[in-house]
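Below you will find the structure I want to go over with you.
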Amino acid sequence: MAKTLKIRDLTLRDGQQSSFATRMTQEQIDRCLPYYKDAGFFAMEVWGGAVPDSVMRYLGENPWTRLEKIYATVGDVSKLTALSRGRNLFGYAPYTDEIIDGFSRNAIQSGLGIMRIFDALNDVDNVKSTIKYVKRYGGIADCAVCYTVDPKYPQPSFFQRLLGKKAPQPVFTDEYFLSKAKQMAALGADMITIKDMSGLIPPARISRLVKLFKEHIKVPIDFHTHSTPGYGLASVFAAIAAGVDVVDTNCWWFAGGTGAPALELVYVFCQKMGIDIGVNMEAVAKINEQLKVIRKELELSVFGKESPKPNRYAFSDTADQYFNEAVAAAKAEDFDTLLTISQKIEAYFGFPAPDELVQKAEIPGGMYSNMVAQLKQLKSEDILPRAMELIPTVRLSAGLPPLVTPTSQIVGAQAVNCAMDEKAGREMYTNKSSQFIGLVKGDYGKTPVEIDPAFRMKICGFAEEIPYDTTKYKMQPNPELPEAGGVKLAENEKELLLLELFPMVAKNFLTTSKKKAYEAAEADKAAKEAEKEATAAKNAAEARAAIAAQKVKPITGKTVESPLPGRIIDICVKVGDKVKIGQTIAILEAMKMENSIPTDYAGTVKQILVEVGEAVPTKAVLVEVE
């Protein structure tokens, strides 16, 4: 067992994605960042996953700006981490090397330190390109082996056994996972993560896998899990006792339930184990002060109400005793006791109870909720039990893919389709999604087990696997936007990458943001023109006044004054003219009438003190006569 442990904080990506549908705004994140800088986590997962899509779709924010702003505050204190799906990056189609190259380069230049790379099929070929480009540009390639379990197949009947039919043999053995990890390490992986996206790995299994990986692989091993079925905290404790190098946690107010276990609980366990996690917990407390407020804001804005939350944040003698028992159980490798005590710890602090349905079904919670939502939409909730029963059959027929995004959604939706077919008296697979056809065809890569050619013929219309051909990839259209002054929809490489990875969402986001920018620029331009005209008028008036002031000499003679206020429309004399008493020297417009202004003095015009068009008050000096 190691004396130090590194912590990867997931709060700002996986944490908010698991609990709050990735709705944290940049302003909310900015509140936490100064304290994150002080906390000194080994790594912070802040990007990738659903973040780029969600910040554009729901918040109208630029994903690249989010990464850059976080890096500007945190710098290199913690390595910023993103999650990507290997060759699929964030979408469902495999991308060309040029796109993977550009994405990796721009992400690292924007501040990314670690790219966690996984493939939904654990197809190592699908992570090769990302490993290469991440390392080329100075990033750390963290390759994830997706943990999954073999389905609970219907057992052969008595007569089927008589005929020699056997239940399928296990596929997802310890040797399977180790083999995948070795292949990734051989490709240049700098780290290996055991990625338990469904929280299905029990403490005994993770202890065994960590020891196996540490024995055969020389790069650091990370463990990622979720708390949904109730194994999460106990499995993290077991992994630590087995010598794992890094564990993934969330800060208190975003931990537990569908998220990862709480850092604070891991910290206490490690203290009692004599393990240093290298995190400033005082700074973490300040992060939690912000997160408690943000959690309430998100509960009310995203879900319209407050949801259950941890109800204690202080340790007592009872809690201390629970942790002592957990440490003893972990050291003794008494995993049943460790699981029981760990669940008592989470219950004591008010974290959500284990989801027994997900635990028994052994499928991701998100996959189950998607199936329920789909059936509600179809008003066919009654077939949910049958759809659940069909998952193992559908999954095995499709090559036994791990149940992780996007394969979990593909398999779950197809199980629902098959149950609907049965209910309507149709043959199963009468209705099939294009994604399911693509999975069986070979679009997503090599499945863990070979697909029966006869099944592929039934689904796709041909028997041979046809891998996706990236040479046929077509870039997204990039038109000019007349409503935004004729600029291109994507004006630089980062915007082009958004358009490729999220075609519809990025198109809407870029169009809206460029239209707003153009309208703001036009309004600013108009305001500046108006300001310019006002300034010019002011300057002209000041210039006239200055000139007039320069022309005015001290008055020593007699003056002709305006008898009433008005506007000078004509001056009838010029400097040097001889004038007689009663002679008109100017015409004044007052109350829409023209008034002749005479001189009461004879003499010579010395100076004229007004201009045509000038407004004058009563008794304004118009002309000097001497």
Intermediate values then yes/no, side-chain hydrogen bond (donor to acceptor under 3.5 Å, both in side chains), Gln17 and Arg13: CA-CA 6 Å; Gln17 181 173 323; Arg13 203 289 297 174; 2.6 Å; yes

Any side-chain donor near an acceptor of the partner, Asp355 and Thr228, under 3.5 Å: no

Give, for atom CG of Leu212 and atom CD of Glu175, the distance between the pair rounded to the nearest 0.5 Å.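 The distance works out to 7.0 Å.
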
Check against side-chain hydrogen bond (donor to acceptor under 3.5 Å, both in side chains), Ser342 and Glu346: CA-CA 6 Å; Ser342 298; Glu346 289 196 298; over 6 Å; no

Specify whether Tyr133 and Tyr137 have parallel, tilted or perpendicular ring planes, treating 30° as the upper limit for parallel and 60° as the lower limit for perpendicular. parallel

Indicate yes or no for a side-chain donor-acceptor contact from Arg31 to the backbone of Gln290 under 3.5 Å, with no hydrogens or angles considered.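 Here the side-chain-to-backbone pair does not exist.
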
Do NZ/NE/NH1/NH2 and the carboxylate oxygens of Asp125 and Arg87 come within less than 4.0 Å?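 Judged by the 4.0 Å cut-off on N to carboxylate O distance, Asp125 and Arg87 do not form a salt bridge.
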
Do any N or O atoms from the side chain of Ser513 and from the backbone of Leu510 form a donor-acceptor pair under 3.5 angstrom?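 It does hold such a pair.
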
Main chain of Gln28, side chain of Thr25: is a donor-acceptor contact present, judged purely on distance under 3.5 Å?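 Yes.
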
Is the backbone N or O of Glu45 less than 3.5 Å from a side-chain atom of Asp14, with the two atoms forming a donor-acceptor pair by type? no

Distance-only side-chain donor-acceptor flag, Gln169 / Asp150, under 3.5 Å: no

For Gln26, look at atom CD and say whether over 12 heavy atoms of other residues, nucleotides or ligands are found less than 6.0 Å away. yes

Under 3.5 Å donor-acceptor, Glu465 side chain and Gly442 backbone: no

So that I can tick it off, tell me whether Lys180 and Asp119 are bridged by a salt bridge, with the cut-off set at under 4.0 angstrom between side-chain N and carboxylate O.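 Not counted as a salt bridge, because no side-chain N and carboxylate O are separated by less than 4.0 Å.
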
Gap between atom CG of Asn62 and atom CG of Leu59 - 0.5 Å precision: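 Taking CG in Leu59 and CG in Asn62, the distance rounds to 12.0 Å.
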
Does the pair Lys474/Glu500 count as a salt bridge with the N-to-O cut at 4.0 Å? no

Strictly below 4.0 Å, N to O, side chains only: are Lys6 and Asp222 in salt-bridge contact?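 Salt bridge absent between Lys6 and Asp222.
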
Where do Lys135 and Ser104 land on the side-chain hydrogen bond (donor to acceptor under 3.5 Å, both in side chains) test, with the steps shown first? CA-CA 9 Å; Lys135 290 173 71 72; Ser104 302; over 6 Å; no

Greater than 12 external heavy atoms within 6.0 Å of Lys292's NZ: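 No.
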
Nearest 0.5 Å, what's the CD1-OH distance between Ile29 and Tyr36? 9.0 Å

Six-ring centre of Tyr58, Arg23 cation under 6.0 angstrom, axis tolerance 45°: yes

Considering residues, nucleotides and ligands other than Lys286, do more than 12 of their heavy atoms fall under 6.0 Å from its NZ?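 Atom NZ in Lys286 is not crowded, with 12 or fewer foreign heavy atoms closer than 6.0 Å.
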
Taking atom OH of Tyr468 as the centre, does the number of heavy atoms from other residues, nucleotides or ligands within less than 6.0 Å exceed 12? yes

Below 4.0 angstrom, N of the basic side chain to O of the carboxylate: do Arg208 and Glu333 qualify?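 No.
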
Exercise: do Tyr231 and Asp196 side chains pair donor with acceptor under 3.5 Å: no

With a 6.0 Å cut-off (strictly less than), is the heavy-atom count around NZ of Lys79, excluding the residue itself, greater than 12? no

Are any of the side-chain heavy atoms of Met475 and Leu499 separated by less than 4.5 Å? no

Using side-chain hydrogen bond (donor to acceptor under 3.5 Å, both in side chains), reason through Asn88 and Tyr444 one step at a time and then give a plain yes or no. CA-CA 8 Å; Asn88 291 345; Tyr444 296 88; over 6 Å; no

Atom pair OG1/OH of Thr148 and Tyr176 - distance to nearest 0.5 Å: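 With rounding to 0.5 Å, OG1 (Thr148) is 8.5 Å from OH (Tyr176).
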
For a 4.5 angstrom cut-off between non-hydrogen side-chain atoms, does Phe177 reach Arg205? yes

Look at Asp248 together with Lys195 and state whether they make a salt bridge at an N to O cut-off of under 4.0 Å. no

Single hit among Phe323, Tyr322, Phe237 for ring pair (Phe, Tyr, Trp, His ring centres under 6.0 Å) with Phe269: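 Result for ring pair (Phe, Tyr, Trp, His ring centres under 6.0 Å) with Phe269: Phe237.
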
If I take atom NE2 from residue His224 and atom SG from residue Cys146, how far apart are they, to the nearest 0.5 angstrom?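 Answer for the NE2-SG pair, His224 versus Cys146, is 9.5 Å.
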
Counting heavy atoms not belonging to Glu282, are there more than 12 under 6.0 Å from its CD?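 Incorrect, the count does not exceed 12.
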
Look at the aromatic rings of Phe90 and Trp47 and report parallel, tilted or perpendicular, splitting at 30° and 60°.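 Answer is perpendicular, since the angle exceeds 60°.
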
Heavy-atom count around Lys494 NZ within 6.0 Å, excluding the residue itself: above 12?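 Enclosed.
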
Ignoring hydrogens and angles, tell me if any N or O in the side chain of Ser207 forms a donor-acceptor pair with the backbone of Ala204 under 3.5 Å. no

